[in-house]
Visitor: 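Can you keep this structure in mind? I'll have questions shortly.
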Amino acid sequence: MSEKTVKSPHKCPEFRRCGGCRFLEGSYEDSLRKKDEFLRALLGKFGEPKPIAGMADPFHYRNKVHHVLTRRKDGTVLSGFYEENSRRVVPAEHCLLEDEGAQAIIRTLERLIRSFHYTVYEEERKTGLFRHVMIRKGFQTGEVMVVLVATSPILPGKNDFVKALRKEHPEITTIVLNVNPYDTGMVLGTDNRTLFGPGFILDRLAGLTFVISPTSFYQINPVMTENLYAAVKRLAALKGTETVLDAYSGIGTIGLSLASSAKAVIGVELNGDAVRDAVRNARQNRIGNARFYKGDATEFLGGLVRAKEHVDLIILDPPRSGSTEAFIRAAAEAAPDRVIYVSCGPESLSRDLELFEKVRYRVRSMEAYDMFPWTDHAEVVCLLDRA
Ligand code: SAH
């Protein structure tokens with residue numbers, strides 16, 4: 001992987017208020033060095049993490065753009081991010097991380113929402129229609145999904161609105177209205193209504209085609225995801241006889257990318273929409289040896305252990321908060337030869353690796369990937385084996 005000299009153009013006027021990017025003041029190499037130092041300090045007790053692999057072009061890598069909508073005093077619509085630790089909205093117009101095509105769609109939406117006289121949600125008064133907009137793009141397929149998050153399913157003039165949006169952006173392949181009237185802190189509700197197209201997009205990753213629904217998890221940096229999944233495949237070193245558990249499987253991307261080299265793949269995932277996507281993804285890629293289950297990864301693994309099901313390799317890719325002690329104990333009881341831990345939260349990874357060491361798994365290697373350039377996040381893949 002090349003790691004070219006990329007000077008930050010310092011063009012983001014909201015850098016300080018937004019808080020998303022931490023390293024925009026220095027060069028890209030500086031940011032990678034800082035991440036290496038951080039990872040070494042945190043994970044050094046388990047071995048030497050490999051230097052983080054950077055991107056050749058670390059800008060506009062995000063295939064998912066998510067903004068909160070609000071209204072300015074002059075009546076125009078503003079979209080952006082919440083300022084760190086507040087509910088103030090920072091404009092995202094100049095964001096250096098987001099896909100530029102998605103940003104252009106959001107500009108149009110700001111204008112159309114106003115010209116169609118739709119209201120925008122007001123935090124304090126708890127009234128108004130549109131709350132958020134999310135755009136997802138398949139970088140390989142070019143398919144684009146627009147998700148409008150609103151407090152109500154009733155959208156007067158809906159057809160004309162959809163038509164106007166599509167006219168300006170013929171690249172949009174599906175538009176979904178996500179109804180979320182609740183104040184739970186969750187951006188997306190569970191009620192999706194397709195306004196145009198199939199209600200999902202397709203993308204290609206690791207040589208396979210994937211269906212992605214509005215609420216399913218999908219890695220936000222597809223360029224680095226290819227590298228990450230290639231690393232998982234290399235570390236898995238499958239011979240074709242193994243049963244692999246893909247825990248926290250999302251739409252099944254990791255498990256399905258390994259299925260042709262394994263005897264069987266079992267996936268477990270909490271989000272029902274993602275599980276449905278995973279089942280569909282197996283079918284449409286003609287993969288017959290992968291099964292996906294909806295459930296909590298810890299409970300599911302406990303069930304496998306009680307049923308004395310044999311697994312040769314456990315791959316876990318939990319959310320930033322990490323896995324659970326009970327999962328790790330159950331993993332030790334399942335006693336696979338190897339475990340591959342994919343983590344987007346180095347702190348929780350460090351905590352969980354300690355637990356793995358307590359149940360006699362050893363960290364054999366740690367590789368880092370810069371999935372989130374300029375931010376203070378990093379992705380780490382660890383190989384562990386049974387001591
Ligand atoms: N491996 C996938 C998804 C990783 S993201 C990929 O690379 O795309 C983590 C996933 O864990 C999300 O899909 C989330 O819905 C799921 N998840 C969160 N808590 C969970 C739990 N307790 N049990 C199972 N899955 C969970």
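Every value quoted in this text rests on a predicted model; they were computed, and no experiment measured them. We count ligands from 1, going down the list as the structure has it; atoms in each ligand are counted the same way.
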Visitor: Let me know which protein residues bring a heavy atom to under 4.0 Å of ligand 1; chain then number is fine for ordering.
Guide: Phe217, Gln219, Tyr229, Tyr248, Ser249, Gly250, Thr253, Ile254, Glu269, Leu270, Asn271, Gly295, Asp296, Ala297, Asp317, Pro319
Visitor: Show the nearest heavy-atom pair for residues Gln219 and Thr225, with the distance to one decimal.
Guide: CB-OG1, 3.1 Å
Visitor: By ring pair (Phe, Tyr, Trp, His ring centres under 6.0 Å), which residues pair with Phe38, not counting sequence neighbours?
Guide: none
Visitor: Give every residue pair that meets the salt bridge (charged side-chain N to carboxylate O under 4.0 Å, His left out) criterion with at least one member in residues 67-83, sequence neighbours excluded.
Guide: Arg17-Glu83, Glu83-Arg88
Visitor: Would Asn192 and Asn178 count as having a side-chain donor-acceptor pair, cut-off 3.5 Å?
Guide: yes
Visitor: Which pairs with one or both residues in residues 204-253 pass ring-ring contact (aromatic ring centres under 6.0 Å, His included), sequence neighbours excluded?
Guide: Tyr248-Phe327
Visitor: Hey, are the side chains of Ser79 and His132 touching, using non-hydrogen atoms and a 4.5 Å cut-off?
Guide: no
